[in-house]
Every structure is written in structure tokens, then in C-alpha cells.
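What's counted below: heavy atoms across the whole structure, side chains too, no hydrogens, waters or symmetry copies.
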Amino acid sequence: MPERFKHLSVSETSQLQKTLNYAVQFLVLAFSYALFSYLGVKLATLTYNISLIWPPVGIAVALLLRWDMRLWPAILLGGIFQEMVVTGYGFLLSLTISVASLSAIYFACYLLKRLHFDVQMERSKDFYYFTLIAVIGCPLLMALMGVGVLTLNGVIPQQDFPSAALSWFLGDITGMLVFGIALLVFNLNRLAALLNASNLLVFGMMLLIGLELFVFEYSPVAPALALLPVLGLLWIALRTNLAATSWVVLSFSALAFYAALNHQGIFSSLQNPPLGTWFYVNSLALVALIVSVSAMESRLESEQMQYSIQSTNIGTWDWRLQDQRVLVNSGWHHLLGLSHQRREISLGEFISLVHPEDLRIIENTMDNYLNQQTHEFSCQYRMYHKSGDWRIIQSTGKIIEWDLRGRALRMCGTHLDVTDSIKTQQELTQTYTFLNRVSEQIPGAIYQFILDKKGHGHFPYVNQGMVRMLGVSAEKLKEDAKYGLTNVHPDDVSKLVKTILKNSILGKSWRYEFRVVKPRAGWREIHSRPHQLEDGQVVWFGYMTDITDHKHLEQSMRLVNQKLQSAQRAAKLGYWNGNLVTGDMSWSDILFELYGYRPGAVEASFNTLLGLVPEEEKQALKDGMAWAVRTGELNIEHRIVTTDGEIRWFHQLAKVSTANHHWFEGSAQDITERKTLELRFQTMALTDELTGIANRRAFLQQLEREWGRFKRKGSHKVFVTITDIDHFKQVNDTYGHDVGDKVLRHFTDLIGKHIRKGDVFGRMGGEEFALMLIDSDQAQVINLLEKLRGIIQDTPLQVTMRLSVSITASFGVARFNAIQRNFDDALIAADQALYQAKGQGRNRVCLESSTASQPHSITDT
Ligand SMILES: Nc1nc2c(ncn2[C@@H]2O[C@H](COP(=O)(O)OP(=O)(O)OP(=O)(O)O)[C@@H](O)[C@H]2O)c(=O)[nH]1
């Protein structure tokens with residue numbers, strides 16, 4: 001419960017409190033039951049201890065109804081006490097009478113509770129229930145049972161049964177009507193509210209009248225005096241409430257009975273004063289209570305009506321047609337900004353406040369009503385407000401009185417200021433129209449879709465776009481969402497329905513594509529998000545677009561892409577882009593494939609690429625990338641080892657696209673085939689085809705490089721040797737050119753096997769070869785050449801089983817030296833030494849003259 005309503009709530013009571021309450025109430029009920037029994041017997045006993053005033057029943061019923069029905073044992077206890085102690089019956093008889101009384105009392109209370117009886121008795125219905133059940137029914141039952149028990153037990157002779165029962169019945173009626181009701185509706189607040197001057201005056205007068213009842217003996221004016229309390233009580237009943245009336249009735253009755261029983265006052269001269277008093281008091285009480293309840297009920301109703309009208313700011317008017325007066329309430333004045341001074345205005349004044357243009361409307365509406373074409377007068381017209389505005393008033397009324405000729409005498413109605421609500425309505429209509437127009441300009445459709453708990457859907461709102469796209473009228477869509485499926489492609493209907501139901505459960509943003517066959521066959525896309533309403537419905541607000549063109553474009557794009565991919569695959573060309581500083585990259589699918597991966601199987605990055613590159617090339621690739629970052633261009637060839645272990649060549653070409661961010665767009669092409677060919681050509685260009693060793697050009701390139709090195713540092717030792725097979729022409733001539741070729745290969749094989757890796761061996765042409773030896777001493781060189789010479793001489797070529805060919809070779813050696821102008825000079829010097837070796841008989845090694853003083857043979861002859 002909110003904090004501010006806390007004071008309205010009934011505070012919780014603990015079990016102990018409840019028990020204590022019960023105990024106190026029990027004692028009060030038992031005690032008062034016994035006490036008032038005693039008083040009843042003492043005050044108004046007729047015969048057989050039967051009293052004409054029997055308050056205990058009233059007390060018992062009132063307290064059971066007000067407090068707790070479970071208090072019934074207190075009644076039993078009080079009853080037994082009373083019968084035994086006050087009346088003097090035996091225990092069994094007392095118990096029997098008490099049980100009989102209790103059962104009648106309990107039954108009456110139970111019946112009232114079942115009828116939802118309200119103890120405040122604010123409605124006449126409750127008063128009549130109480131009168132019938134508690135005031136008449138219960139006493140009748142009790143009298144019959146109580147007197148019956150006494151008669152059966154011989155306490156009352158049978159012939160006295162009717163009179164005793166009647167007395168008992170009458171006594172209980174007084175107890176219920178006078179005591180019971182007073183106790184039932186007792187309410188201090190309601191009593192306190194009556195303490196004003198006029199009420200106190202009437203109460204005082206009533207007291208005086210009461211005194212008169214027993215002070216004066218019989219007088220001729222007694223009947224007239226007896227009427228005075230009737231008037232006083234009626235005044236109280238009409239002007240006050242039931243609580244006050246019932247207590248005045250109680251006080252007055254007590255006085256009247258006291259007077260009657262003491263044979264005093266105005267009833268003392270009656271033939272049967274107590275019975276006369278009984279009838280007087282009880283009829284007076286009944287009338288006063290009925291009047292009080294009715295007056296209170298209508299007062300409460302009119303108060304409720306009045307407060308309701310006040311709280312709603314409704315103006316009321318009451319038009320008396322005979323003299324053209326109009327009675328209006330404060331709300332009516334308030335609506336027009338007038339201060340409420342006059343309850344009554346003339347019809348002329350009323351009409352003068354109506355907008356002249358609206359008088360005709362009022363006349364027509366009134367005519368229609370008077371001609372019984374409408375069941376009430378209801379129309380809107382403008383009335384002048386004190387602030388200078390015209391307010392729109394909703395006026396509703398009905399004729400409530402006619403004269404004998406059927407002419408209207410009085411018409412009542414209400415005024416309600418509907419200016420603001422009409423303005424709001426107009427604004428809403430304008431906004432709705434505006435939004436509708438705007439929505440028609442949107443290149444799509446917007447809608448509201450609701451799915452109820454039973455799975456039934458409809459579109460409370462669709463714009464014209466929706467009608468165009470689905471080819472179904474807005475009315476049909478509003479009626480049932482199933483019409484929206486009319487033109488959906490048959491293959492897509494069940495999928496669409498399923499996804500709607502699924503989305504209603506998931507409650508997430510939703511996008512779905514489906515096909516329609518009419519009015520423009522193609523694709524539609526819906527976007528929306530569902531909201532679960534409190535009543536279990538799901539509502540979507542969304543939009544729909546025609547994506548047919550987009551779909552066609554997408555399809556052709558896909559086709560182009562497929563072709564492009566095929567072309568790239570054929571060209572072994574992949575694309576990438578990325579930041580060459582951070583190494584973040586993205587690769588095309590083809591590039592993944594070229595690197596040996598499934599697309600997306602690894603993270604596309606520079607590091608992944610680097611991981612594929614052979615160890616010896618990693619640095620070169622890094623350098624290439626760093627160079628690209630500086631220059632904005634990348635052009636590098638490198639190898640990678642694919643996941644299959646295959647070595648492949650790639651050519652990376654890229655240009656920077658966003659310089660600040662080192663963002664490059666590039667391609668990587670697998671150039672393995674071209675590269676292999678290129679390398680083969682390169683090798684061929686520098687290799688002697690017949691022998692497979694370096695050709696003249698390759699040898700001279702190397703020689704030139706070494707010459708450069710020699711020139712840079714003088715200590716560099718380089719020996720150049722020219723060697724030539726002796727009498728090779730004879731070999732050719734004798735065994736043929738093919739054998740000559742084999743001999744040449746045999747010769748190079750022998751030398752190749754015995755030189756170091758760093759030495760360079762090349763064919764200078766024909767049967768002439770050159771050998772460059774680096775970083776060796778002269779002695780080591782001579783030793784090597786001598787060794788080679790010996791091996792050649794001693795290792796004939798086994799051409800066939802029968803034919804072996806022996807050869808010898810001559811060697812001319814020269815060393816790079818400072819006198820030489822270039823490496824050619826060294827070659828010439830070596831050639832001269834060879835020439836000398838040939839001249840000295842061949843199969844020998846000769847050193848050129850600058851190395852020795854004269855070219856001289858090293859070989860022992
Ligand atoms: N089979 C074969 N013979 C070649 C090739 N190139 C050159 N020749 C031959 O080598 C021979 C060289 O002969 P010569 O220059 O007269 O020298 P030689 O016969 O070796 O005599 P000396 O050098 O003086 O000992 C010629 O007969 C050339 O035809 C070749 O590639 N294959």
C-alpha cells in the first residue's frame with residue numbers, strides 16, 4: 001500500500017490483542033445481558049416473570065452483529081444466570097430456555113449476515129430486513145419456544161399460553177426495536193455532529209415533553225399532549241440521522257415506560273396502562289425510525305449526487321417553463337466564469353449568453369426532442385465566457401414534469417464545457433491527417449499489427465503503401481491479418497506465419513523477406529519490433545519496403561561476383577586491404593584459398609602471412625612493408641610455404657588509400673609458374689649448356705666482381721687459371737664429335753669435384769676453361785692445379801666397354817696484381833702462361849711472368 005494511504009488502512013492486530021478483545025467483549029455481553037435481564041424483570045414484569053420491555057435480546061443481537069458472532073457463549077451464560085438467579089428457575093429449565101433464546105438470536109443474526117446486512121442501516125433495505133427478521137421474526141420464535149418450554153414444564157398453565165406468549169413477544173419487540181437499533185447504530189461521531197443549537201433546542205423540548213408524560217396525571221388534553229412527542233421525533237428523524245433518532249427514541253421510551261409502570265403520567269388512566277404505553281412507544285419508535293432511515297437515505301443520495309456534480313464541474317439547469325425561470329447551480333456559473341450569486345436567472349438572460357449563430361441549432365434540437373424524435377435534448381452550442389471567449393458547451397436535458405394537457409412544465413439538464421476536449425479532438429484529427437499524408441510520402445508502408453492470445457491477428461492501422469504492396473484493402477487487413485497473406489507466394493506463407501509467431505515469443509527486432517505474386521510480383525521486406533501488452537496481446541509497429549529491384553540487383557551482383565571470383569581464381573589473384581603498421585588486414589576469399597586456407601579459417605593479418613614465409617625471406621618481407629609505409633607503394637615478390645608444404649611465389653602490389661592510417665589496398669598474385677620459368681632462364685643465361693658449369697659471361701661477371709673487391713682491398717688474393725685439353729681436335733677427329741662432347745663433360749666433372757665451393761669454374765669457349773681461386777696462397781694454387789692435372793691424366797673416360805679415352809690438360813696461371821689495369825690483363829697473362837705450357841710440351845702448369853719473373857713451367861718434366 002502506498003505510504004500516503006497508510007492512515008486509511010486497518011492496523012494489524014496481534015493474536016494476543018484479538019484474544020483480549022474477545023475476552024472483554026465476552027464479559028461486556030454476558031454482564032449486560034444479565035444486568036438488563038434483571039432490569040427488564042424488575043421494571044416491567046407482567047406475569048410469570050415475562051416483561052413487556054426485554055432489552056437483553058436487543059443487546060445480544062446488536063453486539064453479535066457489531067462485534068463477533070463467536071460471542072454466542074456469553075449470551076448462553078448471561079441467559080442461564082438470569083433464569084437461575086433473577087427468575088429463580090432450576091438449572092435444567094434455565095439451560096433449556098437460554099438455549100432456545102440463543103438459537104433464535106443466533107439464527108436471526110446469521111440470516112442478516114447472509115443478506116449482507118449493514119449495521120449502519122444507511123439504506124431502507126437494511127432497516128426492513130432488520131425489522132422483519134430481528135424485530136418480528138426472532139421475538140416470535142423466542143416467545144413460542146420460551147413460553148412453550150415454561151408451559152411444558154408446568155410453570156405456565158396451558159390456558160395462559162397465548163397471553164404469556166404475546167407478552168413475551170411484545171417485550172422482545174421493544175428490546176429489538178428500541179434497544180437493539182440504538183445499540184446497533186450507536187456512533188459517537190454521528191452523535192457529536194448533531195451538537196448544534198437548533199438540535200439541542202429540539203432535544204430540550206423533547207425532554208420537557210417527556211417529563212410531561214409522567215408528571216401530569218390524566219387530563220382532557222392528554223391525547224393532544226401525546227402527539228407532541230410524535231412531532232418532535234419526526235422533526236429529529238427528518239433533520240438528524242438514525243443514530244440520534246434511535247437514542248432519542250430510547251430515552252423517550254424509557255421515560256414513557258417508567259411513567260406507565262409507576263401508574264403516573266398521561267397513560268395512567270388507561271384500562272391497561274403498560275400495554276397502551278407499549279403500543280404508543282413502539283409505534284412511535286417504528287414511525288420515527290422509518291422516517292429517519294428514509295430521510296437519511298435520500299439525504300445521502302442527494303449528497304452523493306451533489307458531491308459528484310461538484311467534483312465533475314458539471315453545471316446544472318432547471319428550466320421552469322411556466323414563468324421562464326432557470327435555476328442553475330454554482331458549477332453552471334463557474335463554467336461561464338461568473339461568480340455564483342444567483343441561483344435563479346431568467347430565460348432571456350440564459351439565451352443572451354448563447355452565441356447568436358447557435359440559437360437555431362438549439363431550437364431545432366428542442367423541436368426534435370419535443371416531437372419525440374429524440375429521447376433527450378442533446379446538443380453543443382457556444383456560450384459567452386466572462387473572459388471574452390466563447391466556450392463550447394455540451395447541453396443535455398429532459399422534461400421531468402408535464403401539466404394535465406401534456407405540456408412541459410419543467411425541464412432539467414446539465415452543461416459540460418467540452419471546449420478543451422473538442423480542441424484536443426480537432427488537434428488529434430489534424431495530427432492524424434498530417435501523419436497520414438506524411439506516411440503516404442514514405443517510399444514504403446507502415447503498419448500496426450496486433451496478435452491476440454488466441455493467435456488471431458489484425459492490422460489496426462495500415463497506410464496506403466501497405467495496400468499497394470500487398471494488393472489487399474485496408475478494411476480487410478483491419479478485419480483479419482489472414483487477408484494480408486492472400487498474395488504472398490505460396491512457398492513463403494507458412495514460413496512467414498511461423499516467423500511471426502516465433503518473433504512474438506522472442507520479442508526482438510525483426511526483419512524478414514518474402515515474395516508476393518501480386519500486384520507487383522517481387523520481394524517485400526518487413527521490419528518491426530514486438531511489444532507484449534499487459535493483457536497478453538502482442539503489438540508490432542513496423543514498416544515494409546518493396547525490395548524487388550534491390551533483390552534483382554543483388555542477384556546480378558552475386559553473378560558478377562561469381563564471375564569475378566572465377567576469373568581471380570584462374571588468374572590466381574587475391575585482394576586484400578589493411579593497415580601495414582598494425583598489421584590488421586582483410587583478405588578476399590580467393591586469397592585465403594591461394595594461401596592454402598578455407599576462407600575465414602585463420603585471422604587475416606600480416607603476422608599470419610609472415611608465418612607462411614620461409615625463415616630466410618621474413619626480414620625481406622618486413623623491410624618491403626616498412627618501405628611501403630614510407631613510400632605509399634608496395635611491390636614485392638616473396639615465397640610462402642602453403643599448408644600443403646608447397647612452395648609458391650607471390651607478387652604483392654599495393655597502394656596506400658588512407659595515408660594517415662597507413663591503410664593499403666592491394667593484391668597478391670600467385671606467380672609461381674612465371675617465376676620458375678624466369679629463374680630457369682636466368683640460370684640458362686649464365687650456364688654452359690653442354691657441361692652445366694658457368695659460361696663465359698657468368699665467369700667474367702664473377703671475375704669482374706672479384707676484381708672490384710681486389711681493388712678495394714689490395715691484400716685480396718685471386719688467381720686466374722686458363723686450362724685447355726691437349727690435342728682435343730684429335731679426339732674429335734678420332735672418335736667423333738659426340739665423344740668429344742663426353743670428354744668435355746668428363747673433364748669438367750673431374751675438375752668440379754676437386755675444387756672448393758667458393759672457387760669459380762667456367763667454360764670460356766670450345767675446349768678452353770677458366771678457373772678462379774680466391775683466398776689461396778700461390779703454393780696451394782700450384783698444388784691444386786698439379787693435382788688436377790694428375791687426376792685428368794690418370795682418369796681416362798670409359799666411353800664404352802672397349803673404348804676408353806685418355807686426355808691431358810695444360811694450365812696457365814696468373815694472379816691479380818697492382819700493375820694490371822683490369823681483370824682482362826690478368827686473363828691475358830694467364831692465357832700467355834697457358835700458351836707457354838702448350839709450347840713446353842703440354843700436360844703442365846705454367847705460372848705467368850709477373851707472378852714469377854718469367855712464365856715458367858711448374859710441372860716436372
Ligand atoms: N667435340 C667438340 N669439339 C669442340 C668443341 N669446341 C671446339 N671443339 C674442337 O676443339 C678443337 C680445338 O682444336 P685446336 O684449337 O686446334 O687445338 P688442339 O687440337 O686441342 O691442340 P692444342 O690446343 O694445341 O693442344 C677443334 O677441332 C674444335 O672443333 C665442342 O664443343 N665439342
**OP:** Could you tell me whether the side chain of Asp759 and the main chain of Leu773 form a donor-acceptor pair under 3.5 Å?
**Re:**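 Flag not set: sc Asp759 to bb Leu773 has no pair under 3.5 Å.
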
**OP:** Ignoring hydrogens and angles, tell me if any N or O in the side chain of Arg789 forms a donor-acceptor pair with the backbone of Asn843 under 3.5 Å.
**Re:**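 Present.
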
Subject >> Main-chain N/O of Ser810 paired with Thr723 side-chain donor or acceptor, under 3.5 Å >> reply: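 Answer holds: yes.
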
Can you give me every donor-acceptor pair (side chain of residues 624-633, partner residue at least two apart or in another chain, under 3.5 Å) with its distance?
from   : atom 1 : to     : atom 2 : distance (Å)
Thr631 : OG1    : Trp627 : O      : 2.9
Thr631 : OG1    : Glu633 : N      : 3.3
Thr631 : OG1    : Glu633 : O      : 3.3

Original post:
For the side chain of Thr643 and the backbone of Gly596, is there at least one donor-acceptor N/O pair under 3.5 Å apart?
Top reply: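 Yes, Thr643 side chain to Gly596 backbone: donor-acceptor pair under 3.5 Å.
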
**OP:** Let me see the working for Trp540 and Ser504 under side chain to side chain donor-acceptor pair (under 3.5 Å), right down to the final yes or no.
**Re:** CA-CA 9 Å; Trp540 283 262; Ser504 71; over 6 Å; no

**OP:** Kindly state whether the ring of Trp587 and the ring of Tyr595 have centres lying under 6.0 angstrom apart.
**Re:**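 Judged by ring-centre distance (under 6.0 Å), Trp587 and Tyr595 do meet the cut-off.
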
Subject >> Any donor-acceptor N/O pair, Asp670 side chain to Leu594 backbone, under 3.5 Å >> reply: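 Not confirmed, Asp670 side chain does not pair with Leu594 backbone.
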
Subject >> Residue pairs passing the salt bridge (charged side-chain N to carboxylate O under 4.0 Å, His left out) test where at least one lies in residues 556-583, sequence neighbours excluded >> reply: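 As it turns out, the salt bridge (charged side-chain N to carboxylate O under 4.0 Å, His left out) pairs with a partner in residues 556-583, which skip direct neighbours, are Glu554-Arg558, Arg569-Glu593, Lys572-Glu673.
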
**OP:** Could you tell me whether the side chain of Lys717 and the main chain of Asp777 form a donor-acceptor pair under 3.5 Å?
**Re:**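 Absent.
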
Subject >> Derivation of the side chain to side chain donor-acceptor pair (under 3.5 Å) call for Thr548 and Asp546 >> reply: CA-CA 6 Å; Thr548 312; Asp546 185 337; 2.5 Å; yes

**OP:** May I ask you to check whether Trp510 and Thr499 show a side-chain donor-acceptor distance below 3.5 Å?
**Re:**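 Looking only at side-chain atoms, Thr499 and Trp510 do form a donor-acceptor pair, the distance falling under 3.5 Å.
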
Original post:
Listed by chain and number, what are the side-chain contact (heavy atoms from CB on, under 4.5 Å) partners of Ser657, not counting sequence neighbours?
Top reply: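 Here the qualifying residues are Trp663, Glu665.
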
Original post:
How would you list, by chain and number, every residue that makes a ring-ring contact (aromatic ring centres under 6.0 Å, His included) with Phe459, sequence neighbours excluded?
Top reply: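 So Phe459 forms a ring-ring contact (aromatic ring centres under 6.0 Å, His included) with Tyr447, Phe449.
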
Original post:
Under 6.0 Å between the ring centres of Phe769 and Phe747?
Top reply: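 When the ring centroids of Phe769 and Phe747 are compared, they turn out to be within the sub-6.0 Å range.
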
**OP:** Quick one: list whatever passes ring-ring contact (aromatic ring centres under 6.0 Å, His included) with His527, sequence neighbours left out.
**Re:**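 Partners of His527 under the ring-ring contact (aromatic ring centres under 6.0 Å, His included) test: Tyr543.
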
Original post:
Considering residues at least two apart in sequence or located in another chain, which fulfil the ring-ring contact (aromatic ring centres under 6.0 Å, His included) criterion with Trp707?
Top reply: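 For Trp707, the residues satisfying ring-ring contact (aromatic ring centres under 6.0 Å, His included) (neighbours in sequence not counted) are Phe710, Phe816.
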
